[in-house]
Amino acid sequence: FNFFVLMSRQGKIRLSEFFQSYTESEKRRITKDIAADILPRAPKMCNIIEKGPYKFVYRRYASLYFVVGVPLGMNELIVLEQIHLFVEALDGYFNSVCELDLVFSLHKSLLILFEMFIGGMLCESNKREVLKAIVEAEEMVE
Amino acid sequence: MFEKTLQDIVKGIRASKRDTSLYISQCIAEIKAEINSSDMYIKANALQKLTFLHMMGYSMTWASFATIEVMSSPRFAQKRIGYLAASQGFTQGTDVILLTTNLLKKELRGAAVGSSMTGIYEAGLAINCTSNIVTEELAQDLLPELTNLMTHPQPYLRKKSILCLYKLFIKYPQGLRLTFAKLQQCLSDPNPAVVSCAVNVITELSDTNPRNYLHLAPAFFDLLTNSSNNWMLIKVVKLLGSLVTEEPRLARKLLEPLAGIVRSTPAKSLLFESAHAITRCLPYCRKSDGSMPPNVSDITALCAKTFQDFVEEKDQNLKYLGLVGFGSLVKSFPRVLSTSNYRPLILTCLSDEDVTIRSRALDLLPSMASRKNLVGLVVQLLQHINFASGTYKLELVAKVVEMCSGEKYALLQDFKWYLDILFQLGHMRGLDDHAELLRSQVCDVALRVLPVRSYAVKRSMETLLEGNNENYSSKDETENILDADNGRGKHIMPEILRALAWIVGEYSDLLPEAIEGPCHSVLQAITAPTNSTKLPTSTQSVYLQASLKIFAATCANSQVTDPELEACVHTISCNLGVYMESTDVEVRERAVTLNGVLVAL
């Protein structure tokens, strides 16, 4: 992955992680592009938008858009499945996650993201393993 | 003692509907004070709040040093906050990154020595952070520690370090050469997740440089046939697909296993990846004696069927992937799409609401065209063009022209029909960007194809005589023939008129004689100021030149009567006045020359 952004329907960013070093202005431009191209899409449309050297692959869960930027050669169906894995992990941790959970616990969701994806590549696909690591780490927080 | 926590800030932001930025600036001011405190707890809390605000768009570069302090805290919770802040806030240019080297080294080494889970998780944090912020110096420094972790007893750390190493290799390519042997060992790790990570990394590496990983092909072949983990299989398939460009023999060997996967797997993602990999292999399957292995046609049919199924699915994503797959397939088997059952499928995709799907279908069009179906195809496309708008319309028109004129008009049999199409396009609105293209096509056809020339001249003349009326919306489609005085005309692009005038001028000896006084009417049409002054000056200059040529042809033509000749002279000299005053130099010069010629006669 190049980057991973969670955006609400109103355009607020709930989580953003750039797996490569982008400058601040590039990050802003990407955010603007996402808001301009993805938020207005109709529900039945294809989840892939080609954008020059990379593509947006996104899926909408309730009021949140999970958007991933990937290079052109990447298999989009895999990306969608990985997004789903992440959502399931969030769901497992927060017990039926909703947008508010993410708003109040940014650092927790970031930690889950880092458990699953390092440098933009899938590290662990097993939900149980991911949650186990998170819970164990929590226990070390006195 | 009563500092705000992160929760408080979030609640505060949600509550302050109107003066959010004011509230945030207040918070930032508080954070600035807190972060300089000596109490680590307060410092860490402040940093956590700042990380949140950073995600909203506020800069946190001024807090880099504080971040490092928090990172070095012995307490796990605070350390975690520090590392998170670093991975979000540090950029490649952050100068304090140099200070982190020792800290990171300590963490990474700590995990190798002891086996307490704290050490493991701390190392995990360090790796998370490193993968985001690594610079060239950091990469060089941390390479030995991370390489060590690749063989750590805990698979947790093995996975993470492998993936992080990829990031290091990008910054420090030397490192790859030094650690490659170890990476290869990881491929045979007992833990499947670790193997998967190693495969991941090698796939990414071989994207840029397939040759280096060729010798690993047997190992991957093994994985391909033995593994059942879908995630890994997909990466392996992708890797093997990229290797075939370097090793053609691999292509033939791969066909069977890949076809096997295509036939058996239920997972759509794997299905697509395998079919796509097959299309990459196919160009290389030719044996040295030039023949194709016997199973190739079966496999091609299999791929085509798979992609067809995808396109027929209701799911838009699958449709898109099917089209992409076809695009890849036609590179090696261009004829695959010209069988008739694919045509309606792809044409429906053209009218899909989704722009992504449409552009893919558009790319497939040139491969679908063949001699027999070109006419039908273009007619259907014209219908689409009528309904389309904006850039999409332009793309469609460009495609039509590309299909018809490709390879020196290889597919075109009836040039008269093509001219008709070009004229039809010329009449449409909204195509001004392509005016130049259409113009050159019309001229090209008239120039090259002798039999059609007279037809071209006839049509050009008719159109010129209809006159150009930009302001009038042409609702009626019936042609107004030879009605020069009638202001009602169809819309036509000025660029096209240039082409038409040139054609009529060049080949004026072919002007049909059946019509009463053709030369005069044409001359009248093109020189009349009411018609022409609205046109761009380039068109005007061509008009003038054409008038001269027509006039010359008229003089040479013995069938033209004297009165007509005089009428011509009269018309021209009357109308020239306007042109001689024109601001454009070229127009003026030509007008004056023309006038001179006439006067001399």
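Heavy atoms only: backbone and side chains are in, while hydrogens, waters and symmetry mates are out. Throughout, protein chains are lettered first and strands after them, A, B, ... in sequence-line order, and every chain is numbered starting at 1.
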For [X] and [Y], does a side-chain donor sit closer than 3.5 Å to a side-chain acceptor?
X: B/Tyr320; Y: A/Glu50; answer: yes
X: B/Tyr121; Y: A/Glu139; answer: no
X: B/Thr51; Y: B/Gln88; answer: no
X: A/Arg41; Y: A/Tyr58; answer: yes

One option among A/Lys12, A/Glu24, A/Arg14 has the most heavy-atom pairs under 4.5 Å with chain B, and it is A/Arg14
Per-residue tally against chain B (heavy atom, under 4.5 Å) across A/Ile13, A/Ile48, A/Val103 peaks at A/Ile48
Heavy-atom contact with chain B under 4.5 Å, split by part of [X]:
X: A/Leu106; answer: side chain
X: A/Leu85; answer: side chain
X: A/Leu100; answer: side chain
X: A/Leu80; answer: side chain

Less than 4.5 Å to any heavy atom of chain A: does that hold for the side chain of [X], its backbone, both, or neither?
X: B/Lys160; value: both
X: B/Lys79; value: neither
X: B/Gln78; value: neither
X: B/Asn132; value: side chain
X: B/Tyr156; value: side chain
X: B/Leu318; value: side chain
X: B/Gln48; value: side chain
X: B/Ile133; value: neither

Residues B/Arg80 and A/Glu138 bridged, charged N to O under 4.0 Å | yes
Between A/Phe1 and A/Phe117, does a ring-ring contact (aromatic ring centres under 6.0 Å, His included) hold up when you go through it step by step? CA-CA 9 Å; A/Phe1 294 178; A/Phe117 298 98; 5.1 Å; yes
Does a side-chain heavy-atom distance below 4.5 Å link B/Ser269 with A/Glu81? yes
Given B/Phe272 and B/His276, is the ring-ring contact (aromatic ring centres under 6.0 Å, His included) satisfied, shown in steps?
CA-CA 6 Å; B/Phe272 174 72; B/His276 191 80; 5.5 Å; yes
Assert top hit (heavy-atom pairs under 4.5 Å, partner chain A, pool B/Lys319, B/Lys167, B/Lys11) equals B/Lys167
B/Ala277 and B/Val237 have their tightest heavy-atom pair at CB-CG1, 3.6 Å
Query raised in the report: Are A/Tyr61 and A/Phe66 close enough that their ring centers fall under 6.0 Å?
Result: yes
